Amino acid sequence: MRIVVLTGGIGGARFLKGVRAHARSINADVTAVVNVGDDVRMHGLQICPDLDSVMYTLSGAADPERGWGRVGETWVIKEELAQYGAEPTWFGLGDKDVATHLVRTTMLSAGYPLSQVTAALCERWQPGVTMLPATDDRLETHVVADVEGERKAIHFQEWWVRYRGKVPTHRFVFVGADAAKPAPGVLDAVAEADVVLIAPSNPVVSIAPVLAVQELKQAVADGPAPVVGVSPIIGGSPVRGMADTCLTTLGVEVSAAGVGRLYGPRAEGGLLDGWLVDTTDEGADVPGVNVRAVPLWMSDETATTAMVAAALNLAGV
Ligand code: GDP
Ligand code: CA
C-alpha cells in the first residue's frame, strides 16, 4: 500500500510517527508532502522549518520540549550574531541546526533543487518516509497585519515568532503560489497513492500553502485515492499552536466541523472523502463528508498509530 500525507511541521511530524509505525506493520510506503510556506532566508541561510521539524522528529533528533530544532542544542552562533546587532535577533538559530542550513544553502547555491537537497539531508537522518517539499519553487506565506501602527505584509516567521501572532491580522498570502509547480515526485506519489491523508496540521498556514500549488491540489482532488483528513481542532481548541488565530482571521469557526467544512467534500470541489474528529466532537456535521469520531490526542506513538489505523479504515483501505 502507498500512503501520501500532506503535512506541516510539528503537529504533522508527530502524526507522521504514527503513520510510519502503522505503515511498518502493514508493509506500506509513506510519502510526506511537506509545507514550504514557512521557509525563509536569514543570515544568508535558507531555513525550512517544517521540513526540518519532520526530518528531526522522525529521526529522533528533535527537541521534544521545544518542539522544533535539535535536542541538546547550543546557541553560541545566535549570541555572537546578537553581539554584532545582526538582524533578525528574534529568530532562534541553534548551532547544530546551522549545519543543516549551511549544507542546504550551499547545495541550493550550487543549483540543486530543494527536493534533491532534502533527499541529501535525509541520507543522514533516515526519516523512514520519503520526504518531498510541496514545491521546489519559491512559495512563502506572508501575513497582512497591523504592525507598529502600519499595515504591511510580513513574512509568516516574523508574524509568528516575533509577534506571536498577536497583532491585528487581516489575511495570509502565499507569495509565488500562482507560478509554483509540484516538486518532482509529488504528482506521481499522489497518482499512485492508495490513500491521501491530511495531517492534523494547521489548515491555514501549513496545509493551505501546500494546496496553493494548484496542480498538487487538483491531483489530490481529482485523484483515484480516497482522501481522509484528521482534525487539528479538538473541542474547539487548537491543542498546541495558533490554528485558532488563523481560522478566526479567515472567518472560519474554530471547531472540528469548521475545519472539515473549510476543506469541503470532494463531490463539491473540496478535498475530503472522510474527516476524523475527536470523540469530544462526535456528531460534528460536515455535509457530504463521512465523519467519524475517535480519540485524536497524539499523546504518544501508540495513540497516534491508532488514529492512523482509524483514518485508513475510514478511507476503506
Ligand atoms: P507547525 O507547522 O509546526 O505549526 O505544525 P503543524 O501545522 O503541522 O501542526 C500544528 C497543529 O497541530 C496545531 O495547530 C494543532 O491544531 C495540531 N495539533 C497539535 N497537537 C495535536 C494533537 O495531539 N492532536 C490533534 N488532533 N491535533 C494536534
Ligand atoms: Ca509550520
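For ligands, and for the atoms within them, numbers begin at 1 and follow the listed sequence. On a predicted model such as this, the values are computed, not experimentally measured, just so you know.
The ligand atoms of ligand 1 that sit less than 4.0 angstrom from a heavy atom of S206 are 2 (O), 6 (P), 7 (O). Near D50, the atoms of ligand 1 lying under 4.0 angstrom from a non-hydrogen atom of the residue are 2 (O). Counting atoms of ligand 1 from 1 in the listed order, those under 4.0 Å from a heavy atom of L296 are 22 (C), 23 (O), 24 (N), 25 (C), 26 (N). Here is the list of ligand 1 atoms found below 4.0 Å of a heavy atom in G8: 2 (O), 8 (O).
Under a 4.0 angstrom heavy-atom cut-off, I234 registers as being in contact with ligand 1. The closest approach between a heavy atom of G241 and any atom of ligand 1 is not below 4.0 Å. For the ligand labelled ligand 1, residue T7 lies outside the 4.0 Å heavy-atom shell. Between A199 and ligand 1 there is no heavy-atom distance shorter than 4.0 Å.
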Would E80 and K78 count as a salt bridge (Lys or Arg N to Asp or Glu O under 4.0 Å) here? Give the steps.
CA-CA 5 Å; E80 287 293 316; K78 182 174 193 276; over 6 Å; no
Would D97 and Y56 satisfy side-chain hydrogen bond (donor to acceptor under 3.5 Å, both in side chains), going step by step from the backbone distance to the final call?
CA-CA 10 Å; D97 210 13; Y56 293 153; 2.7 Å; yes
Take V4 and V195 through the side-chain contact (heavy atoms from CB on, under 4.5 Å) test and state the conclusion after the steps.
CA-CA 6 Å; V4 168; V195 59; over 6 Å; no
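The line from OG1 of T118 to CE of M107 is 9.0 Å long, rounded to the nearest 0.5 Å. Interatomic distance, E73 CD to K96 NZ, rounded to the nearest 0.5 Å: 6.5 Å.
Scanning the protein heavy atoms around atom 23 (O) of ligand 1, the nearest turns out to be M298 N, 2.9 Å. Closest to atom 12 (O) of ligand 1 among all protein heavy atoms lies P200 O, 2.9 Å. Among protein heavy atoms, the minimum distance from atom 2 (O) of ligand 1 is reached at G9 N, 2.8 Å. Of all protein heavy atoms, the one lying nearest to atom 16 (O) of ligand 1 is P232 O, 2.6 Å.
Nearest to atom 15 (C) of ligand 1 by heavy-atom distance, out of A256, P295, P238, is P238. Around atom 21 (C) of ligand 1, the closest heavy atom drawn from M242, M307, R240 belongs to R240.
Contact of the F156 side chain with the H142 side chain is not registered, since no non-hydrogen atoms from C-beta on lie closer than 4.5 Å.
Contacts between I10 and ligand 1, counted as non-hydrogen atom pairs separated by less than 4.0 Å, involve both the backbone and the side chain. Of all the heavy atoms of S201, the ones lying under 4.0 Å from any atom of ligand 1 are found in both the backbone and the side chain. Contact annotation: for S231 versus ligand 1, heavy atoms closer than 4.0 Å belong to the backbone alone. When non-hydrogen atoms are compared, ligand 1 lies under 4.0 Å from the backbone of N202 as well as from its side chain.
Using a 4.0 Å cut-off between charged nitrogen and carboxylate oxygen, D273 and R266 count as a salt-bridge pair. A salt bridge links D146 and R151; the closest N-O separation between the charged side-chain nitrogens and carboxylate oxygens is under 4.0 Å. Look at K217 and D222 and you find no salt bridge, because none of the NZ, NE, NH1 or NH2 atoms lies under 4.0 Å from a carboxylate O.
The distance cut-off of 3.0 Å around the Ca ion (ligand 2) captures these protein N, O or S atoms, sorted by chain and number: D38 OD2, D50 OD1, D50 OD2.
Between V239 and ligand 1, not a single N/O pair is under 3.5 Å apart.
Between G44 and R41, the shortest heavy-atom distance links the atoms O-NH1, 3.7 Å.
At a threshold of 4.5 Å between side-chain heavy atoms, the hydrophobic network of Ile, Leu, Val, Met, Phe, Trp and Tyr places L312 and V294 in one connected group.
Through direct or indirect side-chain contacts shorter than 4.5 Å among Ile, Leu, Val, Met, Phe, Trp and Tyr, V71 is connected to no other residue.
A cation-pi arrangement is not found for R162 relative to F91, the charged atom failing to lie both closer than 6.0 Å to the ring centre and inside a 45° cone about the ring normal.
Within 6.0 Å of CZ in R171 there are 12 or fewer heavy atoms belonging to other residues, nucleotides or ligands.
Ring to ring, F172 and W159 are close: their centroids are under 6.0 angstrom apart.
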